[in-house]
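The structure appears below as structure tokens.
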Amino acid sequence: MIIIDKNTIAEYLSDYLANFSQQEIKDLIEIPPQDLNYSYAFPCFQLAKIKKKSPHLIAKELEEQLELPEYLNIIEANGPYLNFKIKTQPILEQIFTLKEKYGRIYEEIGKGQIPSSRIVIEYPSPNTNKPLHFGHIRNMLLGRSLSRCLKYKGDLVFDVNLNNERGIHICKSMYAYKNWGNNKEPDIKSDHFVGAFYVKYNEMEKVDSKIIEEVYDLLRLWEANDVETRELWKKMNFWAYEGFKETYKAMKISFDKEYFESDIFWKGKEKVLKGLERGIFNKTDDGAIIAHLKEKFNLPDKILLRKDGTSLYITQDIYLAYQKKEDFDYDKSIYVVANEQDLYFKQLFAVLDMIGFKEDKFHLSYGMVYLPEGKMKSREGTIVDADNIIEKMQALAYKEVTKRYPKLKEKLKKERATAIGMAALTFFILKFNPKSDFVFNPKESITFEGETGPYIQYCYARIESIITKSKNTIDLNINWELINHEKELTLVKQLNYFPEILNSVRKNYTLHQIPQYLLTLCQAFNSFYSSCQVLSSDDELEKARLLLIKCVQIVIKIGLQILGIDVLEQM
RNA sequence: GGGCCUAUAAUCUAGCCUGGAUAGGGUACCCGCCUUCGGAGCGGGAUUUCGCAGGUUCGAAUCCUGCUAGGCUCACCA
């Protein structure tokens, strides 16, 4: 097998271009605009500078001079560009042979692959005083698909979750329950039940701002291990976890290990005190411990321990870094956290660096999700609740399924609605660049047409339908010459890019490249579909096209599986 | 005020790292396409000073500088 990518082309060209190294050539090679049916292009501008000839002329000369390698169909000069068209046969052979492993062809044939490593990914790390919201959905989807993508590419990935289940915010919910809860048991999803008291507290605080003092009393009681307070805390946290469990299940996420802030928040102290002893950190006038980050890191200084000796959020995160290393002996630790904490993570990593913890750490920072009205504020209850939106998507999908297939069995309808609804939600979120903010407008965002998950699923189902109808078997024994339609060649071209896309995602964590790629592929397929009939009286042609669409189906499936979207054979 | 980030048509978005072929898509809008494999689809049309102003370059949405607007952040909160 041969991988036809920029490297291959560069290697080939380097025999002819003495002026450049192979790497330089590779960097020059680009992917031509979509409507041109060439896979790769070499622009001759740089060469023109050296040779003092027009790039057009150079392209033309190279075209004549170059000897066609066996994996290329044609090399053609177009203006200042030298364009390369790949052969269909090697591509489809690879896909059909490797099947669901095609996306890791580099690893499979052992060429140009990155060694696999042990990676810990931490997400979504919720607070236990309120249910998960839309921002958590983005977080979970990013964490989940990154995890799946890295696993697919051969890394050993550990998904972990840190429960922020102690602190003043938890005490607020507890306080409200204590005063206005009448010892009620949850009569709604239990994390929502807890969240309602958080909102209640904030309402009451507006009426009487002094109640915050009583909340601090509660926090002190908690820290002093007061039995009654601890019992209440356990009870309410249990409700929160029970609720989260359902949401995690719907989101199809699970963890190799869950950490609890209450277990570890005080353990970071030791690390910090040791750092103080060694003179790495300093004491402020009033006795707090501070890390001076200004000079060495050009960051604002960070307090690591309060003047009363109690822990801060960063104290436990320092400890947790060590704990994760001990638990998983990782090569790299990834934190999936929104970009509002960019500075915090710079500080955390700087502090860890100061005390000699130099492990490879990465903050996968993603943009905020806004509502049309602005930022979500769980304090005021102006959030898009995660369970609610999941339910809404599935209900809408159910309506669509029912509209199309009124006679379908109820159970099937429900299954399809779940798959389609979740596909729509997942795809809607993951198609955006993780770094960018976006506005979630529930009314406009819930759609199954255009650039959506169901659009991709639909392609898959269409292909399945054709394959089922055909009496021919699919194998590599076809007449390759018959795949020559412009739409077919576009498909082949797109299929060939897939492994490179996954390499890029693994390297840059640009998860949106997968949905974006799938859209391009499916658009090419649908366009092919409308101009090329697969089922045909011409058996040879039918066999050739069946193989082609089977390969498309294989790639769609790999892509969707990484995103955590179910494929449907019928929809 | 300092730091970080963002600005692409009515609207949403890809492309920016690594500068190159008429700036790709999607929604909405207009016109077509179900007596050919599934219309959650396809084809065509209209709409853009790629925030503004400079600079570098043969070439800038992409790199640099300044400006404007917006977001996040600058806790002994999490």
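What you see is a predicted model, and the numbers here were worked out from it, not measured in a lab.
In this model, the phosphate group of C12(B) is not approached by any side-chain N or O of Y370(A) to a distance below 4.0 Å at OP1 or OP2. Taking side-chain N and O atoms only, R462(A) has no distance below 4.0 Å to OP1 or OP2 of C37(B). Between Y529(A) and G39(B) there is a side-chain N or O to OP1 or OP2 distance below 4.0 Å. Within the 4.0 Å cut-off from OP1 or OP2 of G15(B), at least one side-chain nitrogen or oxygen of H512(A) is found. Between Y458(A) and the phosphate of A40(B), there is a side-chain N or O to OP1/OP2 separation shorter than 4.0 Å. The phosphate of G38(B) (OP1 or OP2) has no side-chain N or O of R404(A) nearer than 4.0 angstrom. Side-chain nitrogen and oxygen atoms of K469(A) include at least one within less than 4.0 Å of the OP1 or OP2 phosphate oxygen of G38(B).
Between the CD atom of E223(A) and the C1' atom of C77(B) there is a distance of 13 Å, given to the nearest Å.
Taking Y216(A) as the reference, nothing meets the ring-ring contact (aromatic ring centres under 6.0 Å, His included) condition, with sequence neighbours excluded.
Annotation: side chain of H363(A) is not in contact with side chain of Y344(A) (no heavy-atom distance under 4.5 Å). Side-chain contact between K302(A) and L304(A): present, with at least one pair of heavy atoms (C-beta onward) separated by less than 4.5 Å. At least one side-chain heavy atom of L491(A) sits less than 4.5 Å from a side-chain heavy atom of V552(A).
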Collect all protein-nucleotide pairs involving nucleotides 43-46 of chain B in which both atoms are nitrogen or oxygen and the distance is under 3.5 Å.
from, atom 1, to, atom 2, distance (Å)
G43(B), OP1, S527(A), OG, 3.3

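F349(A) carries K361(A) over the face of its six-membered ring, with the cationic atom under 6.0 Å from the centre and within 45° of the normal. Taking the ring axis of Y405(A) as reference, the NZ or CZ atom of R416(A) stays within 45° of it and closer than 6.0 Å to the ring centre.
Within 4.0 Å (heavy atoms only), M368(A) reaches no atom of the nucleic acid at all. In this structure, Q341(A) reaches the bases: a heavy-atom distance under 4.0 Å links it to at least one base atom across the strands shown. Counting any heavy atom pair closer than 4.0 Å across all strands shown, T284(A) reaches a base atom.
Taking the syn range as angles within 90° of 0, the glycosidic angle of C58(B) is outside it, so the base is anti.
Searching all strands for a Watson-Crick or G-U wobble partner of U18(B) with both distances below 3.5 Å returns nothing. Applying the Watson-Crick and G-U wobble criteria (two distances, each under 3.5 Å), C4(B) pairs with G71(B). With a cut-off of 3.5 Å on both pairing distances, the Watson-Crick or G-U wobble partner of A10(B) is U27(B).
Checking I466(A) against P43(A), the closest nucleotide of RNA chain B that is more toward the 5' end is the one next to P43(A).
A side-chain N or O of Q323(A) and one of Y319(A) form a donor-acceptor pair less than 3.5 Å apart.
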